[in-house]
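The structure presented is a predicted model; accordingly, all values stated were derived computationally and were not measured.
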Amino acid sequence: MQAAEDHWDMAPRPDVGDEDEEEEYEEDEEEEDDDELQEKPKIVLKWRNRQVKEKEPKTDEEKKEQEAAKKRKRDEREKKKKLEKEEEMAEIKQAEEAAADLLLPKKLNSDLKKMVDPKLELLKRRTQVALVKMIKEKIDEQEDDEDEEEEDEDEDDDNE
């Protein structure tokens with residue numbers, strides 16, 4: 001049995017053995033304690049998920065004040081969101097206008113003029129020719145009327 005006890009009793013104990021061994025053992029324990037203290041980081045608690053519960057109002061006035069404060073906060077948040085949306089929409093609109101400006105030619109009518117100018121020239125010529133023709137017809141009609149009037153006058157003169 002003694003052999004079994006010796007087997008389990010292999011670790012040096014401070015109460016058994018020399019005094020020098022006891023001092024070394026105590027020094028080792030102190031060094032280990034110092035190392036443990038230095039190695040352990042300080043734990044910092046942060047209340048990230050903590051939800052602050054408001055105190056229940058005691059009177060009706062306090063309830064009304066609390067409700068009014070909540071309403072003001074809600075209104076302020078809504079105003080901020082609305083302003084942010086308006087700013088975002090303005091930025092989008094400006095970006096769209098800038099993109100549209102890049103797509104449009106520098107002179108808005110330049111491409112139209114290239115396509116339409118030859119056709120307009122042809123129309124101008126035709127219009128001038130038609131006007132000249134109409135004027136000539138009018139002049140001819142007037143001359144015919146004058147000739148008829150003269151003939152009528154001559155006939156009237158002859159009849160008398």
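With rounding to the nearest 0.5 Å, the separation of NZ in K79 from CD in E86 is 12.0 Å. One distance of note links CG of L120 with NZ of K113; it measures 11.0 Å at 0.5 Å rounding. With values rounded to the nearest 0.5 angstrom, E88 atom CD is found 5.0 Å from I92 atom CD1. Considering CD of E149 and CG of D144, their distance stands at 11.5 Å, rounded to 0.5 Å. The NZ atom of K80 sits 10.0 Å away from the CG atom of L83 when rounded to the nearest 0.5 Å. Atom-to-atom distance recorded for M89:CE and E96:CD is 8.0 Å, nearest 0.5 angstrom.
When side chains are defined from C-beta on, Q66 does not count as touching K63, because their heavy atoms never get closer than 4.5 Å. Using a 4.5 Å cut-off on side-chain heavy atoms (C-beta onward), E137 and K133 make contact. E143 places a side-chain heavy atom less than 4.5 Å from the side chain of D140. Inter-residue side-chain proximity for R74 and R77 is flagged as met; some heavy-atom pair is nearer than 4.5 Å.
Grouping Ile, Leu, Val, Met, Phe, Trp and Tyr residues whose side-chain heavy atoms lie under 4.5 Å apart, directly or via other members, places I139 in a hydrophobic cluster with I135.
By the side-chain contact (heavy atoms from CB on, under 4.5 Å) test, K64 pairs with no residue at all, sequence neighbours left out. For L122, the side-chain contact (heavy atoms from CB on, under 4.5 Å) partners are R126, not counting sequence neighbours.
Heavy atoms of other residues, nucleotides or ligands lying less than 6.0 angstrom from CD of E61 number 12 at most.
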